[in-house]
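Chain naming here is simple, since letters A, B, ... match the order of the sequence lines and numbering starts at 1 in each.
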Amino acid sequence: MEGNIFEKILGQDSLFIDRKAFDHAFEPSRLPHREHEVDALVRNLVDALNGHIPSNMLLYGVPGSGKTVVTRFVLGQLRQKGKEMGQIVNTYEINCRNVDTKYRVVQTIASQLARRGDPPVPFTGWPTDRVLETLVMRMNRAGGVHIIVLDEVDNLVDRAGDDLLYALTSLNTVLDNGRCSIIGISNDLHFTQHLDPRVSSRLSQEDVVFHPYVATEIQNILGERASMGIREGVLDEGVIKLCAALAAQEHGDARRALDLLRISVQKSEQRAQSKVDTRHVRLAQSQLEYDQVTPVLKTLPLHQKLVLFSICLNEENGLRNISTGEVYRTYADACGKIGIEPLTTRRVSSLLNELDTIGLIMARNVSKGRGGRSKQVNSAIPKAIDAISLMSENEPLINEASLGKYHLQGHL
DNA sequence: TGTCCACTGGAAGGGAGGGCTT
DNA sequence: AAGCCCTCCCTTCCAGTGGACA
């Protein structure tokens, strides 16, 4: 072989000018169609610069409606202005999907406030109260305004209850040198319903709803990013339109639209083509579906896999709208086949709910009169994806269970 | 109108696992 | 080492429920 194997690809002209324009972490210098939301945040947070306490806020909206990016943008400007004016503005951004317990949230903020010589706050072990005390001490020491952003806060409340929000929203009563305000970001419009009324009234002093982008707005956003990130004349007419339309179907998720466009261009590049057309977008769409589902399927815990496996098995047999009872029977059978104890029906019921939340199945409660009340369960995994073999990877037991699936089908 | 089915989903709590303090 | 504390996964118990059917 002649030359280095990387040379051919390396020499190829990229269709991108700047891939970063499509990064999820990319912070654009302007945010089209979010002027209202930016304005709402600014009007409230300006108090931080006036020496007052900004109201706590709750930001709602579907995924990809710009909540996080707007917040970052506004806080960035706030810090900058604070610096110019000699006001101390501390901001903390916590994603409650990763940091999902009371202890860890407080620990994370306290760690960000650590100075040289402070003893580290351990990941676990201390009573939460002690971590909270440490946090208050450090906040007092730092002074100024503290703005705590809790992204995906609904996640935290589901898992850990509203204790933490209660504690955080009461911080101002115990801080003597410093002020604190909370910005909660949620995908779920109704999540305050699960909160203690005292907490919800304190937290949602100021609500901002981010409406989903409509197709034409997504088109504008894509157009703007494309002109930053993609070489001129590369995109066929209709590419941006299609990306926008597909994303608008997905409840107006701008992030998804950006991913679609980026992957479409990559698809064209991989084929050494110089143009991107709608076929590339279709390819990108199925790639995206596959990429979303695969890692989740592979890393599901064993029993979760077995439950999903049971659903897939029933569907392979042509059954739709399976009831919880049927799922459980197949599942218990599969457990028997591979010699492990099945979990209780109660637990499996929760597992079904979890599978529903992560979007691998669709479950809805129905009543069949005397036939009882139950869930109707359907898999939500695109047909093109072979769920069973994906789940079998690295999981000998599932593999065994799926080898025995024809026996199991006898029981259905 | 009341009954009754097949669950649902909340509450409480056990116990293993990880880590800190004394 | 003993005594705490926190989280995670799970079980047990049980009141509650939507709607077809008698």
Side-chain angles (χ1 to χ4, degrees), chain A residues 94-111 114 118-135 137 150 152-168 188 190-197 199 296 299-308 310-311 314 319-336 339-358 361-378 395 397 411-412:
Chain A
I94 291 173
N95 189 314
C96 303
R97 186 184 291 272
N98 312 324
V99 184
D100 60 357
T101 65
K102 178 179 176 184
Y103 185 97
R104 273 189 226 145
V105 170
V106 182
Q107 188 250 354
T108 308
I109 306 173
S111 303
D118 280 344
V121 181
F123 290 108
T124 168
W126 284 8
T128 310
D129 286 351
R130 178 167 168 202
V131 189
L132 206 55
E133 273 168 31
T134 311
L135 176 65
M137 186 275 285
L150 300 172
E152 310 199 45
V153 63
D154 39 336
N155 209 49
L156 179 77
V157 175
D158 286 350
R159 299 185 64 98
D162 51 14
D163 270 20
L164 169 73
L165 294 179
Y166 188 83
L168 287 182
D188 175 7
H190 306 291
F191 108 100
T192 46
Q193 286 173 2
H194 315 298
L195 294 178
D196 185 309
V199 177
V296 183
T299 55
L300 243 30
L302 177 64
H303 284 282
Q304 197 80 280
K305 276 183 181 166
L306 280 165
V307 171
L308 186 59
S310 309
I311 297 165
N314 276 284
L319 297 175
R320 305 287 297 166
N321 297 328
I322 321 149
S323 70
T324 309
E326 285 166 88
V327 175
Y328 188 77
R329 281 187 287 279
T330 317
Y331 158 80
D333 247 352
C335 286
I340 61 171
E341 272 298 295
L343 303 173
T344 55
T345 47
R346 176 68 186 86
R347 182 66 190 132
V348 169
S349 169
S350 300
L351 292 184
L352 282 173
N353 283 342
E354 284 167 33
L355 286 173
D356 190 22
T357 343
I358 51 182
I361 62 169
M362 307 257 282
R364 62 194 178 102
N365 290 331
V366 288
S367 170
K368 284 180 283 193
R370 278 225 160 152
R373 200 163 152 260
S374 172
K375 274 198 174 71
Q376 278 190 348
V377 181
N378 285 302
E395 193 81 72
L397 284 176
H411 296 275
L412 297 174

Measuring only between side-chain heavy atoms, which start at C-beta, is Leu355(A) closer than 4.5 Å to Gln304(A)?
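Yes. Closest side-chain heavy atoms under 4.5 Å.
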Can you name the residues that form a side-chain contact (heavy atoms from CB on, under 4.5 Å) with Thr344(A), not counting sequence neighbours?
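Residues passing side-chain contact (heavy atoms from CB on, under 4.5 Å) with Thr344(A): Arg346(A), Arg347(A).
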Just checking Met137(A): does its CE atom have more than 12 heavy atoms from other residues, nucleotides or ligands closer to it than 6.0 angstrom?
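Yes, because the 6.0 Å sphere around CE of Met137(A) holds more than 12 heavy atoms from other groups.
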Looking at Arg320(A), I want to see if its CZ is surrounded by more than 12 non-hydrogen atoms of other residues, nucleotides or ligands under 6.0 Å.
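Above 12, so yes.
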Starting from the C-alpha separation in whole Å, work towards a yes-or-no answer on side-chain contact (heavy atoms from CB on, under 4.5 Å) for Leu352(A) and Asp356(A).
CA-CA 6 Å; Leu352(A) 282 173; Asp356(A) 190 22; over 6 Å; no
With a 4.0 Å cut-off on heavy atoms, is Ser350(A) in touch with a base, just the backbone sugar-phosphate, or nothing at all?
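Here Ser350(A) touches no strand at all.
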What's touching nucleotides 20-22 of chain C from the protein side, N or O pairs under 3.5 Å?
none

Of all residues at least two apart in sequence or in a different chain, which pass the side-chain hydrogen bond (donor to acceptor under 3.5 Å, both in side chains) check with Asp118(A)?
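Expected list: Arg141(A).
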Test side-chain hydrogen bond (donor to acceptor under 3.5 Å, both in side chains) applied to Ser323(A) - qualifying residues, sequence neighbours left out:
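side-chain hydrogen bond (donor to acceptor under 3.5 Å, both in side chains) check on Ser323(A) returns Glu326(A).
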Counting distance only, does the side-chain N/O of Ser349(A) pair as donor-acceptor with the main-chain N or O of Thr345(A) below 3.5 Å?
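Judged by distance alone, no pair lies under 3.5 Å.
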Is there a side-chain contact between [X] and the phosphate of [N], meaning an N or O under 4.0 Å from OP1 or OP2?
X         : N      : result
Ser323(A) : dC7(B) : yes
Ser349(A) : dT8(B) : yes
Asn365(A) : dG9(B) : yes

Give each protein N/O atom lying under 3.5 Å from an N/O atom of nucleotides 20-22 of chain B, with the pair distance.
{"from": "dC20(B)", "atom 1": "O3'", "to": "Trp126(A)", "atom 2": "NE1", "distance (Å)": "2.9"}
{"from": "dT21(B)", "atom 1": "OP1", "to": "Trp126(A)", "atom 2": "NE1", "distance (Å)": "2.9"}
{"from": "dT21(B)", "atom 1": "OP1", "to": "Arg130(A)", "atom 2": "NH1", "distance (Å)": "3.3"}

Let me know which of Ile361(A), Thr324(A), Val327(A) forms a side-chain contact (heavy atoms from CB on, under 4.5 Å) with Lys375(A).
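When side-chain contact (heavy atoms from CB on, under 4.5 Å) is applied between Lys375(A) and each of Ile361(A), Thr324(A), Val327(A), only Thr324(A) qualifies.
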Between Asn314(A) and Thr330(A), does any side-chain donor sit less than 3.5 Å from a side-chain acceptor?
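Asn314(A) vs Thr330(A): donor-acceptor pair found between side chains.
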Can you tell which of dC6(C), dT7(C), dG18(C) lies closest to the side chain of Thr128(A)?
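Closest of the options to the side chain of Thr128(A): dC6(C).
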Could you check which residues of residues 341-348 of chain A get a heavy atom under 4.0 Å from DNA chain B? Sort them by number, please.
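The stretch gives Arg346(A) as the residues lying under 4.0 Å from the strand, ordered by number.
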